[in-house]
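For reference, positions follow the sequence shown, starting with 1. Basis for what follows: all heavy atoms, side chains included, without hydrogens, waters or symmetry-related copies.
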Amino acid sequence: MPTKKASLAKIIVRNILRRVEDSITLLKVRFTERQFIYLASVLIAISCALAVIVLKYFAHKVFLFANYVNTYLKLPYINSILPIVGILLTVFVVKHFLGGHIEKGSSKILYAIAKKGGFIGKKQMYAQIVTSSLTVGLGGSAGLESPIVITGAAFGSNFAQKYHLSQKERVLLLACGVAAGISAAFNAPIAGVLFAIEVVLVDVAISAFIPIMISAATGALISTIVLKEDVLLSFRQEEQYDYHNIGYYILLGILAGFASVMYSRHFRAIENYFHHRKMKVYNKALLGASLLALLIFFSPTLFGEGYESIKTLTSSNPNVLLENTLFDEHKSNEWLLLLFVGATIVLKAFASGLTIGAGGNGGNFAPSLFVGSYLGFFVSKFFILTGINTNLPVANFTVVGMAGILSGLFHAPLTAIFLIGEITGGYDLMVPLMIVSSISYAVSKRFESHSIDVKGLAAKDEAYTSDKDRNVLLNIDVNKIIATDYATLTLDQSLQKVVEIFSTSNQKIIPILDENKILLGVVEYENVKAFIFNPYRIKFTPIEEIMTPPKAKINVEDGMIKIIKSFDKSKAKELPVLKHGVYHGCLSKLRILEKYRVKLKEMVIE
């Protein structure tokens, strides 16, 4: 009987989904292209907001459960045990249900845009929700926002694929999903829009803002209706901004920049260590999770996203953070609290790296806010305890610090400014937010050219950066513009054949090959012009005499950036292309420029 009921439920759900899809298809026919995009942005935002609700509620309930066990059942080690269980379960799900691999981090969205035309696989619409809820929900020291934005991007991409939309529309709807995810996660629609534009999109026209804004507003609306305030990260600013403290905010911005660089490098080092370590997946998971459990034992605030501890820092009694720690008996000691907070700032990068490196799923958005809040608290509390300035508003520095690390780590100062402005319920802190975010960004940019998400991809030419020309070149597929029909010759052929080729084609070079298609050299048109009207020289001059080494050689594996540099350095118009050391074809600079012009037009989202 239960099986029949389950089958009946599946049939009902399938029929409902089919009717919804048919209705959307009918609307696509009746609506204009722009109207259909507006509809799509709303539907994508609703889907993404529902995913956010599931993730946030699950993570919040597990946090309450862990606190309950600690407080009432007196099992202080539960905080260390749950993350091990969560990471092992995540690895199990990935190995047995997701093909042994899952995309991690919002960098995968950037890769999809730069290299896949905005295509994201269907499984990302549910894989991120399942795995991140297990990892972060059960205490892994990472954030839910990156899985949320990947889920939103997957909704947008697959909606566009389902209804056969163009690449520009596909990327636009992908960005709508990202904006809706951030907006719903923080109830911060402006920050959602800015994150999509600052981090995801490269070139965007003003008209493209409208669908992104619709998605962000829809996501925030659903989040406001369904999620309670204690589930979201939100504050009520009570202390006023005082311009006399500008110097301290400048110092906070500088420290936030250096802290961002430190976090980024330590996180990547740990993640790379686990990535290159040859171990069975369960052994790797157990090793990383056990080390994470040890860190959480000493600093329980590393458990999960850490948003509850951020709220504690801004409260009137931040010493609560020392409860259920080795320092519980001395929790009234202000200096001990300061040292605990300072140590936690350093440990967070290791905790997040262990969580992701061991096989868990999550992101660095929440950790950046965690580290920023702790840094802001540390700076302000230090000056208060030393007596240098006893009037510093600790709560203000705590929330402004979040913007500093977010800006420095993701190179997204506008997102940082408006996100903190929105979650604090006002913009009274706008000046310090701008100061701290911009200084942190400048310092971080000085030592790290790319954000934590882009750095690894940029090194392999797999993501867009602020260099727009470079981004367009990355979008050009080298294999599609290589001419493999060039006429070639061997050394035993006559110069008369060279003249025939140049007179009947647009070739500027003729590759000279041996019997194994190894490139021996090239004959350039400029070197043959003197022979064209001299029959004697044409008849008796061997090809070897006029053959020269190519000005440069291109390999199929070379990226477009390297290829363009080869053309610029050699001043050549055409160059031979090798594949696995063997001649493959020729590439014309003119053809690259023509393709560049086409791609530039395709990539500007309107």
Side-chain angles (χ1 to χ4, degrees), residues 51 54-59 61-63 65-66 77-109 111 120-151 154 266-297 302-306 347-367 452-453 456:
V54 171
L55 281 170
K56 286 290 184 180
Y57 259 120
F58 183 78
K61 293 298 182 184
V62 171
F63 176 82
F65 167 75
Y77 302 111
I78 191 70
N79 276 16
S80 295
I81 296 172
L82 285 177
I84 297 177
V85 175
I87 290 174
L88 288 173
L89 284 175
T90 302
V91 171
F92 176 80
V93 170
V94 171
K95 182 177 176 63
H96 294 282
F97 298 99
L98 299 175
H101 176 72
I102 188 171
E103 307 288 352
K104 295 181 184 179
S106 52
S107 60
K108 300 307 177 185
I109 301 175
Y111 178 80
I120 297 178
K122 286 184 179 180
K123 76 175 184 179
Q124 299 305 325
M125 292 191 291
Y126 58 86
Q128 297 294 328
I129 299 173
V130 174
T131 55
S132 64
S133 63
L134 291 173
T135 299
V136 183
L138 291 173
S141 194
L144 293 171
E145 286 73 28
S146 287
I148 284 169
V149 298
I150 295 176
T151 301
H266 286 165
F267 174 84
R268 287 201 308 271
I270 295 168
E271 190 181 29
N272 288 336
Y273 171 79
F274 277 93
H275 178 72
H276 294 105
R277 192 172 177 84
K278 295 181 179 179
M279 296 175 65
K280 292 182 179 179
V281 288
Y282 287 112
N283 292 340
K284 188 183 294 186
L286 192 59
L287 172 63
S290 298
L291 292 173
L292 173 63
L294 187 63
L295 293 180
I296 293 175
F297 174 76
L302 295 172
F303 183 91
E305 289 181 293
L347 292 177
K348 185 64 177 179
F350 293 94
S352 298
L354 288 169
T355 300
I356 306 303
N361 188 22
N364 284 300
F365 205 100
I452 190 171
D453 281 339

**Asked** Atom CG of L55 and atom OG1 of T151: how far apart are they, to the nearest 0.5 Å?
**Response**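 Spacing of CG (L55) from OG1 (T151) equals 6.5 Å.
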**Prompt:** Quick one: CG on L98 to NZ on K123, what's the gap to the nearest 0.5 Å?
**Reply:**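 With rounding to 0.5 Å, CG (L98) is 5.5 Å from NZ (K123).
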List in chain and number order the residues that pass side-chain contact (heavy atoms from CB on, under 4.5 Å) with [X], two or more places apart in sequence or in another chain; answer none if no residue qualifies.
{"X": "L286", "answer": "I84, L88, S290"}
{"X": "A154", "answer": "I120, Q124, M125, N158"}
{"X": "A351", "answer": "S141, L292, L295, L302"}
{"X": "V281", "answer": "V91, K95"}

**ring-ring contact (aromatic ring centres under 6.0 Å, His included) against F350, all qualifying residues, sequence neighbours excluded** =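 Expected list: H266.
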Would you name the heavy atoms of [X] and [Y] that are closest together and state the gap between them?
{"X": "A289", "Y": "I87", "value": "CB-CD1, 3.9 Å"}
{"X": "L354", "Y": "L291", "value": "CD1-CB, 3.8 Å"}
{"X": "P83", "Y": "I296", "value": "CG-CD1, 3.6 Å"}
{"X": "S80", "Y": "A293", "value": "OG-O, 3.0 Å"}
{"X": "A142", "Y": "A366", "value": "O-CB, 4.5 Å"}

Does [X] have any side chain to side chain donor-acceptor pair (under 3.5 Å) partners at least two apart in sequence or in another chain, and if so, which?
{"X": "S133", "answer": "none"}
{"X": "N361", "answer": "Q128, T131"}
{"X": "T355", "answer": "none"}
{"X": "S132", "answer": "none"}

**Prompt:** Restricting to pairs with a member in residues 278-289, which pass side-chain hydrogen bond (donor to acceptor under 3.5 Å, both in side chains), not counting sequence neighbours?
**Reply:**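 Applying side-chain hydrogen bond (donor to acceptor under 3.5 Å, both in side chains) to every pair that reaches into residues 278-289, excluding sequence neighbours, yields H96-Y282.
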**Message:** Show every salt bridge (Lys or Arg N to Asp or Glu O under 4.0 Å) that has at least one partner inside residues 135-150, sequence neighbours left out.
**Reply:**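 Counting only pairs at least two positions apart or across chains, the salt bridge (Lys or Arg N to Asp or Glu O under 4.0 Å) contacts touching residues 135-150 are K56-E145.
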**Asked** Which pairs, with at least one residue in residues 125-143 and sequence neighbours excluded, count as a salt bridge (Lys or Arg N to Asp or Glu O under 4.0 Å)?
**Response**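 The answer is none; no pair qualifies.
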